[in-house]
Structure formats: structure tokens, C-alpha cells
J.: 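Here it is, the structure in full.
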Amino acid sequence: MSELAARLDDVQARFAQAVAAADDERALDAVRVAYLGRSGEVTAVRRGIGQLPPAERPDAGKVINAVVERMEAALADATARLENRAFDAELAQSIDVTFPAIEPATGSIHPVRRVLQDAVAYFTRHGFATVLGMEIEPDYYTFDALNIPATHPAREGFDSFFISDSLLLRPHTSPMQIRTMQQHKPPIAVVAPGKCYRRDAVDARHLFQFHQIEGLLVAEGIHFGHLKGMLTGLCRELFGADQRVRFRPSFFPFTEPSAEVDTTCPKCKAQSAACGMCGGSGWIELGGAGMVHPNVLREVGYDTEIYTGWAFGFGIERLALTRYDIDDIRRFVDCDPDFLTQLA
Amino acid sequence: MRVPISWLREYVDLPDDAQHIADRLAMLGFPVEEIAARPVITGVVVGKIVAIEKHPNADRLQVCKVDIGADAPLRIATAATNVAAEQVIPVATIGAQLPHLKIEPRKMRGVESQGMMCSAEELALPAEWFEDGIMQLDPSTPLGANVVELFGLADAVLDVEVTSNRVDAMSVLGLARELSASYGVALRLPSFENPGRDADPPGHAPRVTIESTDCTRFVAQAFDGVRVTAAPAWMRVRLALTGQRPISNLVDVSNYVMLETAQPLHFYDAAQMRDRHLVVRDARPDETIVTLDEVERTLTPQALVVADGDRALGLAGLMGGASSEVRESTTAIVLESANFEGVRVRRMSMQLGLRSEASSRHEKTLAPALADIGAARAAQLLVQMGAHAYRPHAFGAELRTAAPIALAARDVERLLGLRLDATRIARHLEMLGCAVTVHGDALEVTPPAWRRDLAIAADLVEEVARMEGYDAIEPIEPAVPAHAIPSAQYELETQLAATLAGLGYREILSYSLQSPQVMTRVKRAGLTPSREPVEVRNPLSEDQRFLRWALGPGMLEYFARIDTPARVFEIGHVFSNENTVTEIPVLAFGFSVDPIDEPSWRDTNFLRLKGDCEALLRAVCGITVDATRDVRAGLHPGKTAVLMHDGREIANFGKMDPRVTRSFGVRLPVYLCNIFLEHVPEYRIPRYRPPSKFPSTYRDLALVVDLDVTADQVSRTTRRAIGELCLGVRAFDEYRGPQVGEGRKSLAIRATIGRFDATITDEEADAAIARAIDALRDETGATIRT
Ligand SMILES: [Zn+2]
């Protein structure tokens with residue numbers, strides 16, 4: 001029995017040294033195998049129990065088990081010690097968090113679409129549907145049905161791109177007024193965004209291709225005050241709650257009364273005579289609007305005694321130029337990566 | 001149109017502030033482009049040279065005694081050479097402020113000068129439009145009067161924009177009437193009575209024969225005793241302020257009346273006309289005329305001319321001819337104040353590339369009644385200048401009062417949301433010149449003779465709104481009634497754009513109109529375009545000759561321009577001209593990318609593109625569509641796939657044909673996907689299938705097949721052979737090379753096998769995979785690689 005105890009003491013002493021010397025998980029594992037493994041030292045000691053007198057065997061077993069328990073606890077402690085050392089080392093690291101980020105390959109929506117979507121969202125919230133149309137339209141939809149007579153200068157081919165005698169690239173989104181009213185019975189509440197074309201020379205303010213958003217509300221009891229209400233709300237949605245909106249009389253063959261719609265210059269707040277955005281006027285021109293001309297309603301077979309309505313057409317590029325403070329409209333088609341990144 | 005505020009003040013009392021007037025005009029529908037302020041000028045009075053003598057010490061100076069209506073005449077030395085006794089001239093007295101000069105007492109070569117006689121330039125008028133030297137005023141001008149007040153030199157000049165429906169307001173009087181109505185103050189109209197009462201001497205009465213329906217009315221009137229000279233100073237100054245160069249009294253009268261009333265006039269030298277007989281007719285083919293600008297023009301019958309018995313004397317409503325132009329020797333004239341159809345004048349003006357102040361008004365079709373008003377005003381001014389007026393002769397249609405328009409106070413409220421009583425509405429319309437009778441809430445409105453734009457009740461409602469001010473209408477958000485108009489197309493575009501942005505693509509915009517060079521580039525690559533392009537008839541430049549037939553070329557131009565790897569998309573319409581013109585909404589997305597070094601039978605970028613395409617369609621349609629190999633113009637013939645659904649092509653995608661890429665100057669390989677928006681199926685809600693509660697297992701197979709056997713074929717065969725135990729088959733590796741042999745390739749697939757009612761056993765899985773191997777061998781000629 002004492003011999004066994006002596007062997008155990010020796011094993012424990014060497015085990016303690018080995019554990020202390022183990023510098024990583026693998027070394028510790030090797031110690032575990034060498035002492036507690038199937039052919040380890042403790043197993044060898046345990047085999048010696050068989051040579052003891054039977055009366056001593058239970059006690060010897062207990063002693064050995066107690067030793068194994070202590071050794072396992074020591075191993076667990078050592079494992080924890082190693083882990084903490086690793087954590088300490090990692091936590092000791094530090095970096096320069098101001099170093100430039102690695103940019104993800106992000107996508108983006110074109111600023112013109114973004115403004116368009118924001119405008120549409122405002123109308124959607126108020127119960128308007130959104131319809132899209134074609135860019136080549138017959139002159140009936142572009143002019144005749146809109147009360148623009150055959151002798152009107154706009155029809156002479158100086159303002160619009162013609163494909164044939166009667167087909168042209170739409171110079172405005174207004175054909176969608178007619179198409180929508182032909183397809184649906186009143187009430188009508190739609191916006192129609194889309195591309196339009198005019199024979200304008202390209203410069204910092206003009207493109208021969210641009211986007212418009214058309215709006216049309218036809219129902220019983222609709223009046224000019226409702227037009228003012230919706231368009232004022234739209235400008236506030238796009239440019240801020242303190243935005244003022246001005247309606248000036250104007251002339252369009254397909255509306256009567258007609259208006260030009262301006263909003264206060266969001267850049268200078270009408271405070272700078274040298275403002276490049278508004279030319280110092282303090283106002284940005286958004287487009288035309290008005291009460292749908294009775295001839296237009298009659299053309300689609302609506303009863304003008306029952307229904308009234310309003311329509312408007314705004315240039316989306318103009319809204320986007322104003323909103324993002326862009327200096328040159330050509331940037332919308334150049335799509336310089338830096339331009340898209342800045343406005344993403 | 002440039003309008004001096006001082007001229008407006010002749011007809012209506014206005015506020016002092018030019019900005020206030022400009023704002024009011026804008027709110028009436030006449031935006032003011034510019035307010036040209038006048039420089040400050042003070043202390044300039046009317047004087048008369050009573051004596052003139054040579055300067056004692058200087059040859060080039062003269063000393064004038066100038067009476068300015070004060071006690072003693074002023075002594076003024078001058079270097080001007082156009083001075084003479086009895087002249088009435090502007091005098092800047094001591095202390096006067098001129099634009100660049102303050103007048104102080106000074107000695108000129110020893111002679112004290114008590115002021116300065118002024119040239120037009122010193123009064124801030126264009127020097128080249130007035131006499132050299134000292135400006136000459138009319139002898140009747142009261143001495144001592146303030147020149148600035150007399151000629152309205154202090155007030156700003158407004159540049160007013162007039163919409164095409166309001167040609168009547170392309171006139172000082174028209175704008176004055178608008179302001180009078182808006183401010184609610186009286187309008188001081190000049191007399192519109194024609195002073196010509198005498199019958200023409202026998203055989204001298206002007207006659208007009210109207211042969212064209214494009215001439216509605218023609219007032220002709222003869223004058224004699226005419227002396228051609230400079231117009232009075234007040235008229236020359238007014239014209240100069242509007243930007244109109246003074247020429248001679250006759251020309252100036254015609255311009256003045258046009259600016260005042262909007263009615264253009266023309267004067268013929270009676271001596272140069274045959275029989276005082278004018279004919280309004282179509283020009284004869286190849287008829288020629290030398291116009292006032294001394295250009296000989298060859299006409300076509302589209303031109304409308306005013307002729308005498310022999311030849312065209314002028315282009316109707318556009319410009320007179322040189323042959324009958326008034327000249328210094330002219331003593332008798334015939335006045336033309338006519339009304340023409342606007343379209344005719346505009347087309348003639350376009351065809352000849354010639355515009356004038358007259359045509360800018362005639363092309364908008366004036367009211368016929370203005371012809372009589374214009375003649376009357378001209379006659380008044382000519383008589384003032386000493387001419388003798390005979391009575392006017394009107395030809396063409398009789399003037400008819402417009403039919404009255406029925407308007408109810410309710411109409412105003414219905415369109416404006418503004419409740420006004422009938423008397424208030426009537427007052428607004430009367431201020432604008434309408435004749436109104438009121439019966440309760442109903443009004444009967446006769447528009448004034450000079451307006452052609454008032455025809456229906458809505459037109460009158462706009463007039464009422466302008467007078468109340470659009471600002472008076474309360475903005476209200478409408479309660480939009482329910483309707484069933486779908487927004488599906490827009491929502492699809494929105495969702496596609498959002499998904500692609502999420503997949504890392506940036507949206508770009510490119511021009512729909514393209515130069516023929518795009519086609520040349522495609523052809524240079526040895527290809528023909530996928531669609532026959534639509535040609536624009538009237539492009540502004542060759543860069544706009546064709547409508548794009550695909551989005552790919554625009555994208556290639558973009559990649560060429562930025563020349564670094566990029567991922568972009570565009571949504572837009574493309575156009576083709578097969579029998580009829582068709583328009584197709586398309587989405588294209590793609591990337592230019594650094595090439596990967598990999599075997600020729602593998603293209604990782606293609607698979608990435610395919611992944612993005614599948615992800616996009618899953619997001620917007622909720623389905624996955626199997627790709628099949630195909631060929632499309634512009635795409636690599638061996639690396640192109642299409643997605644078909646219900647027999648329609650949803651999408652095609654692949655690597656772009658390297659010949660095209662190069663032809664467009666793109667250095668990097670490009671991968672492109674076209675999606676045809678009209679073919680994209682509606683979103684189908686996917687149904688959830690819970691996974692089996694029991695563990696599944698899988699088997700990997702290495703097959704060797706012929707090169708033309710596709711991964712899709714192998715997967716389908718496997719799936720079918722395994723049957724309902726099959727939870728999925730996916731090819732995960734491909735290899736070609738010497739170990740596999742010529743014409744063959746190795747494919748690795750993994751089949752996932754399981755049951756929903758029990759744990760699958762190894763025996764079941766092995767049996768299933770054995771069925772698959774048999775089927776693959778029979779149907780695809782596969783051998784199993786071990
Ligand atoms: Zn501004």
C-alpha cells in the first residue's frame with residue numbers, strides 16, 4: 001500500500017511539472033494522454049491494485065480516483081489559463097479606426113428615378129395609381145385629343161422628333177391623360193412618369209430627352225384648390241416643410257384655367273440675387289398645371305356637367321437638379337461613377 | 001416685349017415700385033424676365049438756344065445763350081457742332097446728375113459755362129439711334145420743363161413675356177388694361193376714333209381686292225400732305241426705350257401704333273403704287289420681291305403677298321417691299337392695317353427664314369377689330385404731324401360682336417373652389433373689357449372685340465381667377481375617390497431597380513437617340529443589329545438619327561468611357577422597325593470585369609451573371625426559370641442562355657461578343673443580361689414546404705459524359721430515376737482534360753435523398769442511386785468514374 005502511495009506521489013509530482021510546462025492546448029493534451037490516457041501512468045498504477053491484498057484494494061481504488069479527480073481539475077485549470085492568455089493577447093491588439101473603409105460593391109438607383117419614386121410615393125399615399133406609357137405616340141394622343149389644333153406651331157416639326165407623318169416621340173407625358181381616360185371610367189386618379197423628347201440643343205440646362213411626371217385627377221367636385229393642395233404637398237415632400245409654392249396664370253391648350261407652378265428656391269431661400277439655381281429670382285419653375293379643358297373631357301366621352309379634373313406635368317430632371325444641387329443637367333446622362341456614388 | 005413703365009403710366013396710375021408692378025404682371029400671367037432700371041438723372045430741363053457766338057479763345061468751341069424759362073438765360077460753352085439758334089434742347093443745369101457726370105460750374109478756356117447741353121447718350125439713350133451732338137427737341141416743348149419727367153426717363157423698362165393666346169397684350173395698352181383691371185383703377189384710353197372724314201378725291205380712293213381667305217380684314221386709308229422727317233422727340237424716346245430704333249416719322253408711327261395697340265401697320269408710298277389698288281393673293285410660283293431689308297426673295301404660292309396690279313408690294317403681315325417703301329420724297333401714302341390668318345403668316349415666315357415684330361404678332365392671329373383701331377391711332381398721329389387724312393375703307397368680313405358666353409357663379413366655384421357672387425364676377429370681367437349682364441347667379445358675357453381667346457365659360461373662369469389672384473384660392477388636399485386603376489408596370493420597374501441596386505448594380509441613363517456610328521460599330525464587328533432601327537425624320541444632329549434598338553450599345557459606350565470594372569443597369573424602351581414601328585420596354589444589366597484565368601470550358605463570370613439573373617427573377621416573379629443555350633446577336637455564340645416562360649422570352653444573357661466589345665472600345669470583357677419587361681410573369685407567391693422531420697442522406701456521383709450532355713439533363717435524369725425520395729440534385733463540379741478523354745467531360749453531382757415519413761436507410765439510398773446510375777447510363781451515355 002505504501003509503495004503504491006509512493007508511486008502515486010511521484011506521478012503527481014511529475015504531472016504537476018508537466019502541466020506547468022505545457023504552453024499550449026496540444027502540449028496539455030499530450031500531458032493528459034501520458035498520465036490519464038488508456039496506457040498512461042495512472043492506468044499503470046491502477047493495474048498495481050491487483051497485487052494488493054484484497055482488503056486493501058477498495059481503499060487503494062478510492063485513493064487513485066481521488067488523485068485522478070485532482071489531476072483532471074488541474075488540467076481544467078490549465079486549459080482555462082491558456083484560454084485567458086489567448087484572450088489577453090487578442091484584447092491587447094488595437095488599430096487605427098480612422099483608416100479608410102473598404103468600400104462594398106453597392107448598387108444604386110439613378111437620382112432621376114429616386115426623385116420620381118419619391119414624387120410617386122406621395123401620390124400613391126393619397127390614392128393615386130401609377131401608369132406608364134409608350135414614348136412613340138400618334139399625333140392624335142399627343143395633340144388632337146389634347147385640344148392642340150392642327151395649325152398649332154408645336155405640330156410643325158420644330159419642337160418634336162417625328163418618326164412619320166403621324167408618329168412622333170412624345171414631347172410631354174400628357175398623352176397618358178387620354179389613354180388613361182379612354183381605358184377607365186371616372187373617377188381617375190393617376191400619375192404617369194416617363195421619358196419625353198424635344199428638339200432642344202443640349203446645354204447645361206437642356207437635354208433633348210428628359211422625364212416628366214404627369215398627374216391627372218378627374219372626379220366629381222374637383223377644383224383648382226385641390227390642385228394647389230396636392231402640388232403644394234408634393235413640393236413640401238420633396239424639398240421641406242417650409243416650402244412655398246406659387247401658381248401663376250399661363251396658357252396650355254389642354255387646361256383652362258392654366259397655371260405655371262413655381263416653388264421657392266431651396267438653395268438660397270430667395271435670399272441671393274447671385275444664386276445659380278434660381279438665377280436670383282428666388283423661384284424654381286416646376287412646370288404647368290390646370291383644370292382639364294372641357295374639350296379634352298368631351299374627347300374621351302366624359303360628361304363635363306358631372307366631372308371636373310386637374311392635370312399637371314412637371315420635369316423630373318428639374319426637380320432632381322434642384323433637390324441635389326446639381327450644376328449641369330448633362331451629368332444625368334454622363335453617369336460619372338463619382339456622380340452616382342455621391343448621390344447613391 | 002420691352003415695356004417702359006413710363007409709357008404704361010400714360011394709361012393707368014401705377015405704384016412707384018417697378019418690382020411691385022413686375023410681380024403683379026407675373027401674377028396676371030405675364031412674367032417679367034428683366035427689370036431694366038434706368039440711371040439716376042436729375043437737373044435736366046428744356047432750354048432754347050436764343051443766341052450763339054464763337055468762343056473768344058477757342059476755335060472749336062461755341063458759346064450759347066440758353067433760355068430755360070428762368071429770369072436770365074444761361075451761358076453755356078459747347079464743342080458740339082450741330083447747335084444753332086432757335087433749337088430747343090435738353091440742358092443739364094448746375095448741380096445736375098447725369099449717368100457718369102455731375103454738372104458743376106466751370107470755366108472753358110476762360111469762359112464760365114453755366115451748364116451743359118445734352119446729347120441722347122448723356123440721357124442714357126442709345127447714341128447711334130439719335131442725332132450726332134445735342135439732342136433736338138420739338139419747338140413746342142415748354143421751356144424749363146423737367147426732361148426726365150417729360151420723357152419718362154426715370155422709370156424702369158420691363159421685359160414682359162406674353163403667352164401665345166394673348167397677342168392683344170403684346171402691346172402697352174393691353175398690359176395697361178390688365179394692370180388697371182387688377183389694381184381696380186381707371187384706364188385712360190386714347191381715342192380710337194379715326195380723324196379721317198373727307199372723301200378721297202375722285203379716282204384716289206384706295207381699293208383692296210382680297211383673293212385669299214387668309215386675309216380676314218383690310219383697312220386702307222389714304223393720306224397726303226405728308227412730310228418725311230424725324231419723329232417728335234417724345235415718340236423717338238419711347239421707341240428707343242422699347243428697343244425700337246427710330247427711323248423717320250412715318251416708320252416710327254407704324255411701330256409706335258403696333259407697340260401701343262398690337263396692330264402692325266404698313267405704309268405704301270402712293271406714288272409707287274399702281275392705281276391705289278391692292279390685291280391680297282397667293283404669291284405666283286417663282287415670283288420675286290425685294291423686301292425692306294434689301295434682300296431679294298423668291299416666293300412660292302405658300303407666301304401671301306399684298307400686290308398692286310403689277311407686282312408684289314409686300315409679304316402680308318411679315319415685311320414690306322422696297323419698291324413701295326416710303327422715302328424722303330414721299331408726300332402721299334396709303335396705310336394698310338390688316339388682319340391675317342396666323343398660320344399662314346407663321347408658315348411663310350418659317351419658309352423664308354424671316355421674322356419681324358409684325359409677324360411675331362400676326363402669326364398669333366390678331367382680332368380683326370384691331371385693324372380699325374390701329375388705323376385710327378395712326379391717323380391721329382399722322383394728322384398731329386400735319387398730314388391730311390381721308391376716310392378709311394374697310395374690306396373683308398364685317399366686324400361681328402362675339403356670341404355671348406353663359407357663365408354661372410356656380411361655374412366659378414366649381415372650377416376654382418372659390419365662392420364669389422355674380423356682381424363681383426361681373427365687375428372683374430367688365431374691367432377687362434367684357435360686356436356683362438347679370439340675372440341672379442347667371443351672367444351673360446360678351447368678350448371684348450380685341451380678345452380672341454375667350455370662347456367658353458372656363459376661359460372666363462380663368463379671367464376671374466387672374467383678377468382675384470391665384471393666391472386667393474385656398475390649397476386643399478382632395479379626398480381621392482376609390483378606383484381600380486392598376487400600377488403593376490410601375491411597381492415591376494421599381495422592384496427590379498431596387499433588387500438590382502441590392503445586387504450591387506448602379507443605374508445609368510443613356511440617350512435613346514443614337515448616331516449612325518453605333519450601327520457602324522456593330523457592323524464593323526461583323527454583325528447585324530438585333531432589330532431594324534427606327535429612323536428619326538428631323539434630328540437636330542446626326543447624333544440623334546436612330547432610336548436605339550437595344551440597351552447594350554449604350555452600356556458598352558459607358559464601359560468604354562469609364563474604363564474600369566463596373567456593374568450597371570438601365571431600364572428603358574428600345575425600338576424596332578419590322579413592318580411597323582414597335583417599342584419594347586427592356587431592362588439591361590451587366591458588368592465589365594477583369595478576366596479570370598480559367599480553362600476555356602469554364603466561365604465563372606457567366607455563372608455570376610446567371611446567379612444575379614435568377615436572384616432578380618426570384619425576387620420579382622417568385623419563380624426560377626431554367627436556362628437553355630441559344631444564340632443572340634451581340635452575345636458570345638457559345639456563352640449565351642435564354643430564359644423562356646409560357647413560350648415567351650423573359651431574358652437572355654451571356655458574355656458579350658468580344659468583337660462587339662472591342663468595336664466599342666471596351667478593354668474588359670462584358671457580361672450582359674436583357675430582360676423583356678412585358679414578358680416577366682406576375683409575381684407568384686411561393687408555397688412553403690416544411691423539411692422532413694427525419695434526417696436525409698446524400699450520395700455524390702462522378703460521371704463521365706459526352707461534351708454535349710448538359711448539367712441540366714443529368715440532374716433531370718437523376719431526379720426522375722430517384723423519384724419521390726429525391727430531395728434535390730445539384731451539379732457541383734465539371735472537369736475536362738486528358739484523364740477524361742477526348743470528347744468527354746467529367747461531371748460531379750450530389751443527390752440528396754430522404755423520406756418524409758421515416759429515416760432513410762442506407763439500403764434505400766443505395767438502391768435509389770443505383771436506379772439513377774442505370775438511367776444516366778441509358779439516357780446520357782454516362783459512365784461512373786471511381
Ligand atoms: Zn436661389
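Each chain gets a letter, A, B and so on, in the order its sequence line appears, and its residues count up from 1.
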J.: Check each atom of V343(B) against the heavy atoms of chain A and say whether the ones under 4.5 Å are side chain, backbone, both or neither.
T.: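 Only the side chain of V343(B) comes within 4.5 Å of chain A.
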J.: Given that the side chain runs from C-beta out, which part of P294(A) has a heavy atom under 4.5 Å from chain B: side chain, backbone, both or neither?
T.: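 For P294(A), the contact with chain B is made by the side chain alone.
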J.: Could you tell me which of G194(A), G127(A), A129(A), C335(A) has the largest number of non-hydrogen atom pairs under 4.5 Å with chain B?
T.: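 With the most close heavy-atom pairs to chain B, the winner is C335(A).
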J.: Contact part of T163(B) toward chain A, heavy-atom cut-off under 4.5 Å: side chain, backbone, both or neither?
T.: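 Side chain of T163(B) only, per the 4.5 Å heavy-atom cut-off to chain A.
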J.: If you count heavy-atom pairs under 4.5 Å with chain B, which of P257(A), A219(A), S160(A) comes out on top?
T.: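 Of the candidates given, the most pairs with chain B belong to P257(A).
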J.: Write down the atom of T151(A), the atom of R347(B), and the distance for their closest heavy-atom approach.
T.: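 Closest pair (atom of T151(A), atom of R347(B), distance): CA-NH2, 4.3 Å.
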J.: Is T130(A) close to Q489(B) at the side-chain level, that is, under 4.5 Å between some pair of heavy atoms?
T.: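 Of all side-chain heavy-atom pairs linking T130(A) with Q489(B), none is under 4.5 Å.
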J.: Please classify the contact of Q544(B) with chain A as side chain, backbone, both or neither, using a heavy-atom distance under 4.5 Å.
T.: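 For Q544(B), the side chain is the part near chain A, not the backbone.
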J.: Which atoms of F30(B) come close to chain A, meaning under 4.5 Å heavy atom to heavy atom: side chain ones, backbone ones, both, or neither?
T.: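 Contact with chain A is absent: no heavy atom of F30(B) under 4.5 Å.
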J.: Out of H152(A), E220(A), E305(A), return the one with the most heavy atom pairs under 4.5 angstrom to chain B.
T.: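 Max contact count across the listed options: E305(A).
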J.: Tell me, for P253(A) versus chain B, whether the close heavy atoms (under 4.5 Å) come from the side chain, the backbone, both or neither.
T.: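 Looking at P253(A), nothing touches chain B.
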J.: Between H184(A) and chain B, which part of the residue has a heavy atom less than 4.5 Å away: side chain, backbone, both or neither?
T.: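 The answer is the side chain of H184(A).
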J.: Does E474(B) reach the main-chain N or O of G225(A) with its side chain, forming a donor-acceptor pair under 3.5 Å?
T.: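 Checked: no pair found.
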J.: Please tell me if the side chains of S512(B) and F208(A) come closer than 4.5 Å, counting only heavy atoms from C-beta onward.
T.: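 A side-chain contact is absent here, since even the closest heavy-atom pair is not under 4.5 Å.
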J.: Report which part of Y511(B) has an atom under 4.5 Å of a heavy atom belonging to chain A: side chain, backbone, both, or neither.
T.: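 Y511(B) touches chain A through backbone and side-chain heavy atoms alike.
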J.: Sort out for me which of R246(A), E260(A), M134(A), K185(A) touches chain B most, counting heavy-atom pairs under 4.5 Å.
T.: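 Heavy-atom pairs under 4.5 Å are most numerous for M134(A).
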J.: Under a 4.0 Å threshold between the charged nitrogen and the carboxylate oxygen, would D165(A) count as salt-bridged to R537(B)?
T.: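 Salt bridge between R537(B) and D165(A), a charged N being under 4.0 Å from a carboxylate O: yes.
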J.: Is E583(B) reaching over with its side chain to a backbone N or O of I136(A), donor-acceptor style, under 3.5 angstrom?
T.: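 Checking the backbone N and O of I136(A) against the side chain of E583(B), a donor-acceptor pair under 3.5 Å is found.
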J.: Tell me, for R346(B) versus chain A, whether the close heavy atoms (under 4.5 Å) come from the side chain, the backbone, both or neither.
T.: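 When you check distances to chain A, only side chain atoms of R346(B) fall under 4.5 Å.
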J.: Side chain, backbone, both or neither: which part of L547(B) has an atom under 4.5 Å from a heavy atom of chain A?
T.: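 Only the side chain of L547(B) comes within 4.5 Å of chain A.
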J.: Please look at M230(A) and chain B and tell me whether the side chain, the backbone, both or neither of the residue comes under 4.5 angstrom of a heavy atom of that chain.
T.: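 Answer is both: backbone and side chain atoms of M230(A) are under 4.5 Å from chain B.
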